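All values reported here derive from a predicted model rather than from experimental measurement.
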Amino acid sequence: MNYALITGASRGIGKAIAIRLAADGMPVIVNYVSNTEAAEQTVEEIRNAGGKAETLRFDVSDPKACEDALEVWQKEHPDDYISVLVNNAGIRRDNLMIFMQNEEWHSVLDVNLNGFFYLTRRLLKDMLTHRCGRVVNVASLSGLKGLPGQVNYSAAKAALIGATRALAQEVAPRKVTVNAVCPGFIDSDMTASLDKKELKKLVPMQRFGTPDEVASLVSFLVSDRTSYITGQAISINGGLC
């Protein structure tokens, strides 16, 4: 059986993606690092709707934790493999660069960029062996244009987009696709502290997007309909360029 692993899936965009992929008929693995209650609630919602889901706790920024968790999962699922990986886990530590602390820089790159590396490297072998796989990286508008106060976050997401395009070329001969989605302002926990009233004025659609709208794009990218789409960074931002 083919599974989808969504990192940071206990809430927000990750949760919406997990629910949507489960509704599409795919068994999903809900990754989380600390909020057990929220992760279990996501799984419960999926199961109540008739889907198949389970949790898998590990920190994507910790290479040993990634390896250990996936080794346990694979021992428990000897006939299954993860054919869809959605690298969604991410954090922000906003600050002007002149005031930015080392920890604010490194923690953001560790989760948003290094987490992609550790996990994708670990799961690619099975995808390449089976000649079937979908990797979707949740990047950001910040990675495309840069935003003040987010030098660390913009750097991580821009690097993630570059990695997406490079990896897509490496694995394309084995029918594995790698794409990035680049949300703009999405109504989620990560944007709760922002001045939404002012920011909406910058968006041509004059509203924030929803996690479900991002999930719809991810659903499309992991489907069989997109077997010839790879190496792309697709914006979903209400017209904000």
Side-chain angles (χ1 to χ4, degrees), residues 3-18 21 28-36 38-39 42 55-74 82-94 102-127 133-144 150-168 170-171 176-183 186 188-190 211 214-215 218 221-222 233:
Y3 277 74
L5 169 60
I6 304 95
T7 65
S10 63
R11 56 187 182 176
I13 291 175
K15 177 179 181 177
I17 293 171
L21 297 190
V28 300
I29 304 166
V30 174
N31 162 257
Y32 72 103
V33 68
S34 60
N35 197 334
T36 301
T42 299
T55 60
L56 190 61
R57 181 177 185 175
F58 63 89
D59 182 351
V60 299
S61 68
D62 183 338
K64 187 176 187 304
C66 293
E67 185 69 30
D68 291 347
L70 290 171
E71 184 177 353
V72 170
W73 185 88
Q74 289 178 328
I82 296 168
S83 64
V84 171
L85 170 61
V86 182
N87 288 301
N88 168 74
I91 62 171
R92 285 175 38 225
R93 296 286 186 270
D94 293 357
N102 290 350
E103 187 277 335
E104 292 173 324
W105 174 266
H106 289 294
S107 62
V108 168
L109 266 69
D110 282 344
V111 175
N112 293 285
L113 181 59
N114 293 342
F116 148 80
F117 170 67
Y118 299 140
L119 202 51
T120 308
R121 179 183 61 178
R122 177 63 173 76
L123 296 176
L124 270 181
K125 182 178 179 181
D126 277 344
M127 294 184 190
R134 297 283 188 270
V135 178
V136 177
N137 299 317
V138 180
S140 172
L141 174 67
S142 293
L144 292 172
Q150 291 190 339
V151 171
N152 49 1
Y153 190 71
S154 294
K157 293 302 189 179
L160 185 59
I161 292 169
T164 296
R165 290 171 171 155
L167 181 60
E170 293 182 5
V171 300
V176 175
T177 67
V178 187
N179 290 290
V181 298
C182 302
I186 305 298
S188 68
D189 293 342
M190 188 171 280
V214 180
V218 174
L221 288 173
V222 304

Considering all heavy atoms, the nearest [X]-[Y] contact:
X: Ile6; Y: Ala4; result: CD1-O, 3.9 Å
X: Val111; Y: Gly90; result: CG1-CA, 3.8 Å
X: Val28; Y: Tyr3; result: N-CD2, 4.4 Å
X: Gly12; Y: Pro211; result: O-CB, 3.9 Å

Using only atom types and a distance under 3.5 Å, with no angle test, would you say the side chain of [X] pairs donor to acceptor with the backbone of [Y]?
X: Asp62; Y: Lys64; answer: yes
X: Asn88; Y: Gly8; answer: yes
X: Ser154; Y: Ser142; answer: yes
X: Asn152; Y: Glu104; answer: yes
X: Thr42; Y: Ser10; answer: yes

CZ of Arg122: more than 12 outside heavy atoms within 6.0 angstrom?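 Result for CZ/Arg122: enclosed.
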
Step by step, would you call Asn137 with Asn179 a side-chain contact (heavy atoms from CB on, under 4.5 Å)? CA-CA 6 Å; Asn137 299 317; Asn179 290 290; over 6 Å; no

Answer yes or no: is there a side-chain heavy-atom contact under 4.5 Å between [X] and [Y]?
X: Phe58; Y: Tyr32; value: no
X: Val60; Y: Asp110; value: no
X: Asp126; Y: Ile82; value: no
X: Val86; Y: Leu5; value: no
X: Gln150; Y: Val108; value: no
X: Leu167; Y: Phe116; value: yes
X: Ile161; Y: Cys182; value: yes
X: Thr120; Y: Asn87; value: yes

Separation of [Y] [atom2] from [X] [atom1] (nearest 0.5 Å):
X: Arg57; Y: Asn31; atom1: CZ; atom2: CG; value: 10.5 Å
X: Asn112; Y: Tyr153; atom1: CG; atom2: OH; value: 6.0 Å
X: Thr7; Y: Ile17; atom1: OG1; atom2: CD1; value: 8.5 Å
X: Thr177; Y: Met127; atom1: OG1; atom2: CE; value: 9.0 Å
X: Ser83; Y: Arg134; atom1: OG; atom2: CZ; value: 8.5 Å
X: Glu170; Y: Leu124; atom1: CD; atom2: CG; value: 8.5 Å

Any donor-acceptor N or O pair under 3.5 Å, side chains Ser61, Asn114: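 Result is no, nothing qualifies.
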
Chi angles and distances behind the side-chain contact (heavy atoms from CB on, under 4.5 Å) call for Leu113, Lys157: CA-CA 7 Å; Leu113 181 59; Lys157 293 302 189 179; over 6 Å; no

